[in-house]
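Heads up, the thing below is written out as structure tokens.
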Amino acid sequence: MLKKKRSRTKTRKFFSNWQFHLSGNAKMFKQLQIAIKRLSPSWQACIPLATLVVLTWGYVAVAQDAPAASGPTTAELKVALDTLWVAIAAFLVFFMNAGFCMLETGFCREKNAVNVLAKNLIVFALSTIAFWAIGFGLMFSNGNGFIGISGGFFLSGADNSPATGDAYQGIFSSLNWTGVPLSAKFLFQLVFAGTAATIVSGAVAERIKFVDFLIFSVLLVGIAYPITGHWIWGGGWLAKMGFYDFAGSTVVHSVGGWAALMGAAFLGPRLGKYQDGQSYAMPGHNMSIATLGCLILWLGWFGFNPGSTMAADANAITHIALTTNMAGAVGGVVATTVAWLYLGKPDLSMIINGILAGLVAITASCAYVNVGSAFIIGLVAGVIVVFSVTFFDRIKIDDPVGATSVHLVCGVWGTLAVGLFSVGPDVYSWYTSGPAKGLLLGGGLTQVIPQVVGILSVGGITVLVSTIFWLALKSTLGIRVTPEEEVVGLDIGEHGMEAYSGFLKEARGSNIQAAGDRGISKPGNFTTGF
């Protein structure tokens, strides 16, 4: 009993002491609160920061005593950084699809807005499937000088990427210069293939059947684009000849432009475009979203051109970004000036055309020229795009958004510019091999000749293959909507819906000859776009 009483007494003392300490701590905490409240707000803000510093120091002190953790090697870090850069660039190029949507829709009439949006949206989905199934293999697998024949369909076949050079063992030897996984290589090349198909959309807008455009896009991305792409980027005969196209003035833009030109020619002009020997402009319905589309494309070009390094080389990326931006900026300024003098007004569509013309023109040479040469390349592109738009209009090639002028004509000019302005190897750290010094820098015709051969050969085969595709579609399904559907609008005729529900449509078939009708302005106005 005595032991139990002593135990109870000790317990009471323990709880008594504990309560005393709690009471004391509570008093200290209250005093601390009062002291903190007396401080200025600036000093109060320093308290959490001081606490964080103390904790960090403590952690560092403990970490110094801990054994060093094993991390990735330098080679593994390089692969990771290169892959990250390639992925980001691919995302930027993919986002250009939004630019195409906005630009083409804005430059077309409101009764065809849904149709233009639908084409631009679905074309990349189809391109993904076609390029994965057949296009990538035909373009980049090992083969002869004309086509890849080693397989690679459905992204299959031997490959040990990211190994490079002699260490690479697989069927995609033409891509062994970039040290990223095969999936990254495919993703980046895919967004380029989708761009080529999207170029066609604008040139054939407002009168082509939806199903025919889809079929042609699959054929272009799955067959035509990979054939010429293999010649240049797949290690084919043009590459062996010394033809260079860094990011695709010919491979992407001219191929899309040639296909677009043939489509516009076989379709014929829109109803009411040419009457009594005169050309009537059919202005776009929303210049705001067209301008937004241009800005999105401009942004996307910083993935298109710098991303073609397919490596996180800071010097190369920044140089290419500078030449790209300079050409686009100069193209826009010069096109504005030329249009102002030639057409009488600083047409917004021509400003947009000029910016895109400069960007297309610099794409082939962006890594091979200095910023001064980029200025000249953009300047020439800004001039020729204005006269190209009016030229195609005079020969009655109806291109609602000027795709042939921007991509075909300026793509040809940009490809030729490699032979005129390239600085030659070993001037820049990333440019140890590539095109010879250009003609205007004292290099003679060494680089000009393969560039001209490439322009002509790629143009010839693309025209031939595109003509076969268009004629086959025309003779089987028919490629043009009925006159009634064209008058009412493809939104209703092809999709059964309106882009702007409740608004007055442009369709007034009885007044189609009237110059003042909506969508048809007086002669002399050249309102076109990309």
Side-chain angles (χ1 to χ4, degrees), residues 90-91 93-97 100-101 104 116-143 146-157 159 171-172 174-175 182-204 208-234 236 248 250-260 262-263 304 403 407 458 461-473 476-477 479:
F91 300 155
V93 179
F94 169 78
F95 190 56
M96 291 174 75
N97 285 282
F100 288 122
C101 278
E104 294 180 17
V116 175
L117 290 169
K119 287 190 301 178
N120 278 277
L121 188 60
I122 197 65
V123 71
F124 186 78
L126 288 172
S127 297
T128 297
I129 297 171
F131 200 62
W132 168 68
I134 184 173
F136 187 78
L138 293 179
M139 188 167 177
F140 291 107
S141 71
N142 300 337
F146 293 92
I147 196 68
I149 57 176
S150 298
F153 304 136
F154 302 100
L155 210 58
S156 61
D159 178 83
I171 64 171
F172 303 107
S174 58
L175 292 173
L182 180 62
S183 55
K185 297 175 184 179
F186 172 78
L187 178 64
F188 191 72
Q189 295 300 332
L190 166 64
V191 292
F192 275 54
T195 299
T198 306
I199 292 169
V200 180
S201 172
V204 299
I208 192 172
K209 287 183 177 179
F210 189 67
V211 65
D212 289 87
F213 173 75
L214 301 185
I215 295 173
F216 182 83
S217 298
V218 171
L219 295 173
L220 180 68
V221 175
I223 300 175
Y225 173 81
I227 291 175
T228 52
H230 181 81
W231 295 358
I232 302 166
W233 289 348
T250 285
V251 176
V252 179
H253 296 285
S254 289
V255 167
W258 285 117
M262 301 314 297
F304 206 99
H407 294 277
V458 171
I461 191 64
T462 305
V463 167
L464 175 63
V465 175
S466 297
T467 298
I468 294 172
F469 292 161
W470 286 122
L471 287 177
L473 290 170
T476 54
L477 301 176
I479 58 176

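Both backbone and side-chain heavy atoms feed into the values below; hydrogens, waters and symmetry mates do not.
Across all non-hydrogen atoms, the minimal contact from G234 to F140 is CA-CD2, 4.3 Å. Considering every non-hydrogen atom in both L190 and T128, the closest pair reads CD1-CA, 3.4 Å. Across every non-hydrogen atom of F124 and G194, the tightest pair is CD1-CA, 4.2 Å. Between I171 and G157, the shortest heavy-atom distance links the atoms CD1-CA, 3.8 Å. Across all their heavy atoms, N120 and S201 have their closest contact at ND2-OG, 3.5 Å. V221 approaches S127 most closely through the heavy-atom pair CG2-OG, 3.5 Å.
Side-chain contact between T198 and E104: present, with at least one pair of heavy atoms (C-beta onward) separated by less than 4.5 Å. Put simply, the side chain of F304 reaches to within 4.5 Å of the side chain of V252, judged on heavy atoms. I461 places a side-chain heavy atom less than 4.5 Å from the side chain of W231. In this structure, the side chains of L138 and H230 stay at 4.5 Å or more apart for every pair of heavy atoms. Using a 4.5 Å heavy-atom threshold, the side chains of M139 and F131 count as touching. When side chains are defined from C-beta on, I232 counts as touching V458, because their heavy atoms get closer than 4.5 Å. The side-chain heavy atoms of W233 and L175, taken from C-beta on, include no pair separated by under 4.5 Å. At a threshold of 4.5 Å between non-hydrogen side-chain atoms, the residues T467 and L471 count as touching.
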Requested in this report: In sequence, state the C-alpha distance, the side-chain angles, and the governing distance for V191 and F91, and then conclude on side chain to side chain contact (heavy atoms under 4.5 Å, CB included).
Outcome: CA-CA 8 Å; V191 292; F91 300 155; over 6 Å; no
Requested in this report: Take I215 and L477, measure what side chain to side chain contact (heavy atoms under 4.5 Å, CB included) needs, and give me the verdict at the end.
Outcome: CA-CA 11 Å; I215 295 173; L477 301 176; 3.6 Å; yes
Query raised in the report: When you look at V251 and T228, which way does the side chain to side chain contact (heavy atoms under 4.5 Å, CB included) test go after all the steps?
Result: CA-CA 7 Å; V251 176; T228 52; 5.9 Å; no
Report task. Show your working on side chain to side chain contact (heavy atoms under 4.5 Å, CB included) between V123 and F100 and close with a plain yes or no. Result -> CA-CA 11 Å; V123 71; F100 288 122; over 6 Å; no
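In the displayed structure, F95 atom CZ is contacted under 6.0 Å by at most 12 heavy atoms of other residues, nucleotides or ligands.
For F136 and F172, the distance between ring centers is under 6.0 angstrom.
Rounding to the nearest 0.5 Å gives a distance of 9.5 Å between CD1 of I223 and CD1 of I147. Within the model, atoms CG of D159 and CG of L182 stand 4.5 Å from one another, a figure rounded to the nearest 0.5 Å. In this structure, CG on L126 lies 12.0 Å from CG on L220, to the nearest 0.5 angstrom.
Relative ring orientation between W132 and F154 is described as perpendicular, the plane-to-plane angle rising above 60° on a 0-90° scale split at 30° and 60°. The aromatic rings of F216 and W470 lie parallel to each other, with less than 30° between the two planes, well short of the 60° mark.
At least one donor-acceptor pair closer than 3.5 Å links the side chain of S150 to the backbone N or O of N142. K119 places no side-chain N or O within donor-acceptor distance of the main-chain N or O of F213, the cut-off being under 3.5 Å.
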